[in-house]
Q: 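Below is one structure. I have some questions about it.
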Amino acid sequence: MTTRAVLGRLVGGVASIATLALLRAGSLTSMQTASDDAAVLRLSWSARPERIESCHRLSDTELAARPAHMRMRWECEGQFATYGVTVRTDGRVFVSDTVRGGGLRHDRSMHVFREFALRAGSRRIELELRRIEADTRSDAAESAAVASGSADANRETREAQERRTRRSESLPSLLRIDTTFTVPPRSVVLVTYVVAERRLVLRTP
Amino acid sequence: MRALERPAHRLLRAADAAANRLYGWHLNPIYQTGAIAVALLAVLIATGLYLLLFYRVGAPWASVAHLQADPWLGRWLRSLHRFASDALVVAVALHAWRMFAQARAWGARALAWSSGVILLAVLLASGWTGYVMVWDAFGARLAISGARLFDALPVLSEPMRRIFAGDQPIPGAFFFLNLFLHVALPLGAAAGLWIHLSRLARPTLSPPRALLIVGIGALVALSILAPSPLAGEANMLAVAPHVAVDLFYAFWLPWADALPPWLAWTGAATTLGVALIIPVVTRRPRTGKDAPSVVDDRHCTGCNQCPVDCPWEAITMIPRTDGRTTLVARVDPSRCVSCGICAGSCAPMGVGPAHRAGRDQLEALRLVLGASPPGFSGRVVAICCEHAAPAHLAPLRAAGAHVELLGCAGNLHSSVIELSLRGGAAGVMVFTCPPRDCRGREGPKWLHERLYNDREAELQARVDRQRVAIGVMAAGDLAGTLVAWHDFTRRLAPAPPEPLISVDEDLDALCDPQPLASRVERQ
Ligand code: HEM
Ligand code: SF4
Ligand code: SF4
């Protein structure tokens with residue numbers, strides 16, 4: 001080996017060490033993801049939108065004319081509600097948007113996931129989820145008295161119960177949060193919907 | 001795209017030259033990137049199996065922390081797994097660059113190219129899942145960015161990001177699916193590697209032992225001396241101020257987070273599309289030096305040598321239709337990359353790309369010999385691969401060489417050497433590329449076998465081996481080329497002169513001790 005070649009190998013050794021150092025640096029590059037006073041407001045929930053429908057009670061003859069598997073004493077037509085969501089912090093509107101149920105016919109649960117940058121510190125947060133459609137639903141179906149002793153009494157009771165359950169599981173027509181609190185630095189403020197309580201809650205770390 | 005090949009090639013040559021100066025061509029790692037990638041995959045599988053023993057989907061971060069706390073094995077094996085994955089991305093990127101710069105993406109190589117692109121995508125995806133497994137701030141960030149991109153697709157009505165909202169624990173099913181992908185994707189990559197190499201005969205799957213030991217040893221040393229730290233567990237209700245990002249796997253992260261998802265998807269799809277379309281846009285017409293090899297049935301004796309030697313398995317033996325009893329070679333043009341190696345393997349010179357078969361080489365040599373002054377008049381001939389190191393040709397000429405160029409040293413029919421000596425050359429030195437840089441993949445190897453180990457079509461025993469030599473011409477190592485040249489020419493000085501042949505002599509009789517006519521009769 002010539003002196004030149006030996007020198008080359010020595011430099012090669014140093015270059016290898018430098019390459020390893022670069023490899024490690026590339027593997028562990030520190031990336032700043034948030035400034036010290038940054039925080040996040042996160043809206044995240046899944047809930048069933050309300051169903052807006054008008055119902056009418058079938059007569060015995062009408063009921064008998066339906067195929068056996070489609071016999072329901074109350075027949076309802078309608079759609080699922082859409083909602084306007086508005087978020088303000090310290091009076092400034094962050095978002096004003098329309099949300100609706102999932103699926104092609106919007107008949108599935110409504111899923112919301114939005115994030116907004118916040119500044120840490122004392123903040124007033126106002127959030128409103130308001131049904132857009134006017135309430136055209138006839139409550140007759142829900143509160144209908146069941147003809148006692150009729151052959152269909154059980155079915156009708158069951159139908160009424162199902163409608164009540166569906167209604168209790170769906171979003172109320174108006175939900176609001178209006179609160180002022182201290183947003184900790186680098187925290188995520190989470191707004192979510194608690195199905196059992198039918199209300200929006202705001203969680204801070 | 002073809003316009004980019006030239007600058008890419010220039011850059012590659014500069015990188016090769018630098019690495020040759022630093023490590024010598026034997027150990028130049030950029031010549032070995034494909035084989036290094038295979039070795040690194042093996043390291044990943046071995047270390048990954050160990051890590052898998054301790055991983056728990058129910059407590060992902062805690063289980064990794066448990067490994068990290070073990071200074072004897074867990075910590076550095078975890079780091080080795082990480083650094084080897086990083087090195088793998090670098091090796092594969094260099095490998096793809098080499099293939100592109102050397103115009104090795106089209107024709108019969110298109111399958112290797114496109115499967116390579118898919119392999120790289122699978123590799124990046126499995127790195128992604130690997131980091132999510134750790135479930136530190138970086139892992140969570142990758143998961144959330146991935147979910148954001150996924151949510152933009154009309155697949156699920158419930159946004160995947162809801163999993164990471166922080167209102168409920170992350171379901172174990174998520175970590176299970178992620179672990180499944182992290183194991184399944186590399187298994188898919190193994191199958192992909194099989195497709196990747198399916199058109200190559202004898203793919204080189206291991207780098208030279210010294211490089212293997214030193215390379216893996218260096219990664220082990222790095223893992224022991226400067227192991228990768230483990231960041232705190234991901235917290236869905238906090239924003240991490242800094243995240244230690246692995247740029248080799250998450251170079252796209254800043255873009256993906258900053259751009260609207262549809263634009264990020266468009267960018268990714270366009271990049272993939274461009275990568276996949278390279279075989280089409282770099283395709284050349286199959287003429288000139290890219291013409292496929294053809295067999296001249298009259299000369300083929302059915303010896304079965306060229307199918308064995310062809311590095312792309314493009315030649316098969318089929319029954320003849322002309323009444324002779326032997327098989328005859330047939331080249332499948334769609335598998336032939338026009339490397340010309342078969343031209344050097346056929347003793348009766350019956351195969352090779354147009355104008356590059358053994359007979360064409362002898363014809364060309366005859367023209368040189370017929371020129372004035374006739375013959376080589378005692379000069380030493382250097383037959384050089386045109387791809388090796390064009391910058392070395394002028395210094396070689398200045399050192400007294402009569403330089404002849406060839407598409408690949410493996411094309412050289414051994415008769416050319418004999419004819420050159422008999423045409424008055426004092427000696428013949430064949431300069432090849434560094435063997436692992438051969439575009440024909442096996443040119444230098446077969447040349448060596450034909451000259452020194454009696455592989456068909458061997459250099460005849462009557463040729464004085466003292467007057468023949470093989471040298472390596474490596475970019476950046478002009479000194480090496482000239483030292484080899486001077487060693488050879490010094491050795492030549494006392495050699496007795498060969499009887500000069502006439503340029504009109506019968507080629508078959510000259511090049512094959514058993515003339516073609518008698519071979520055919522015997523069959
Ligand atoms: C995990 C990733 C990869 C591994 C392990 C790998 C490994 C290899 C190996 C061992 C060879 C054979 C080399 C030889 O014996 O000559 C090869 C050939 C090849 N690779 Fe890859 N490769 C990978 C990714 C890629 C990528 C990303 C590309 C390009 C986009 C690519 C393009 C090619 C081509 C075109 C060939 C054929 C070379 C020729 O026929 O001349 N590979 N690869
Ligand atoms: S090397 Fe030549 S003789 Fe032998 S099979 Fe191939 S073409 Fe025929
Ligand atoms: S030129 Fe010959 S050796 Fe090369 S790929 Fe084509 S058939 Fe095979």
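Letters A, B, ... are given to chains in the order of the sequence lines, protein chains preceding strands, and every chain is numbered from 1.
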Q: Heavy-atom pairs under 4.5 Å with chain B - which of A/A15, A/G103, A/S30 has more of them than the others?
A: A/S30
Q: Considering only heavy atoms from C-beta outward, does the side chain of B/S157 approach that of A/H111 to under 4.5 Å?
A: yes
Q: Side chain, backbone, both or neither: which part of B/V90 has a heavy atom under 4.5 Å from chain A?
A: side chain
Q: Quick check on the interface: out of B/V89, B/V243, B/N20, who has the most heavy-atom pairs with chain A under 4.5 Å?
A: B/V243
Q: With only heavy atoms counted, which part of A/T192 is less than 4.5 Å from chain B, the side chain, the backbone, both or neither?
A: side chain
Q: Please state whether the side chain, the backbone, both or neither of A/V112 comes within less than 4.5 Å of a heavy atom of chain B.
A: backbone
Q: Can you find a pair of side-chain heavy atoms, one from B/N235 and one from A/V188, that are under 4.5 Å apart?
A: no
Q: If we ignore hydrogens and angles and just use 3.5 Å, is the side chain of B/R82 paired with the main-chain N or O of A/S27 as donor and acceptor?
A: yes
Q: For the pair A/R24 (side chain) and B/A226 (backbone), establish whether a donor and an acceptor sit closer than 3.5 Å, ignoring hydrogens and angles.
A: yes
Q: Of the listed residues (A/L10, A/L20, A/T19, A/L43), which shares the most heavy-atom pairs with chain B below a 4.5 Å separation?
A: A/L20
Q: Looking at every heavy atom in both B/F248 and A/L23, which two are closest together, and how far apart are they?
A: CE1-O, 3.3 Å
Q: For the residue pair B/R161 and A/F113, what are the closest heavy atoms and their distance?
A: O-CE1, 3.3 Å
Q: Minimum heavy-atom separation for A/M31 to B/L253, with atom names?
A: CE-CD2, 4.3 Å
Q: Shortest non-hydrogen contact from B/R162 to A/S44?
A: NH1-OG, 2.8 Å
Q: Using non-hydrogen atoms and a 4.5 Å limit, figure out which bit of B/L222 sits close to chain A: side chain, backbone, both or neither.
A: side chain
Q: Please classify the contact between A/S16 and chain B as side chain, backbone, both or neither, with a heavy-atom cut-off of under 4.5 Å.
A: both
Q: Tell me whether A/E197 at atom CD has more than 12 heavy atoms from other residues, nucleotides or ligands lying less than 6.0 Å away.
A: yes
Q: Might you confirm whether atom CZ of A/R108 has over 12 heavy atoms from other residues, nucleotides or ligands at distances under 6.0 Å?
A: no
Q: With chain A, which of B/D167, B/D477, B/D257, B/D151 has the greatest number of heavy-atom pairs at distances under 4.5 Å?
A: B/D167
Q: For residues A/L190 and B/G166, report the shortest heavy-atom separation together with the two atoms involved.
A: CD2-C, 4.0 Å
Q: Does A/R130 have more than 12 heavy atoms from other residues, nucleotides or ligands lying within 6.0 Å of its CZ?
A: no
Q: What part of B/Y131 is in contact with chain A, defined as an atom under 4.5 angstrom from a non-hydrogen atom: side chain, backbone, both or neither?
A: side chain
Q: Report the option among A/A34, A/G13, A/G102 that has the most heavy-atom pairs separated by less than 4.5 Å from atoms of chain B.
A: A/A34
Q: Check whether any side-chain N or O of B/R21 sits under 3.5 Å from a backbone N or O of A/G12 as a donor-acceptor pair, and report yes or no.
A: no
Q: Measure the CG-CZ distance between A/L28 and B/F138 for me, rounded to the nearest 0.5 Å.
A: 9.5 Å
Q: To check you understand the geometry: which heavy-atom pair defines the closest contact between B/L237 and A/R42, and what is its length?
A: CD2-NH1, 4.4 Å
Q: Answer yes or no: does atom CG of A/L104 have more than 12 heavy-atom neighbours from other residues, nucleotides or ligands under 6.0 Å?
A: no
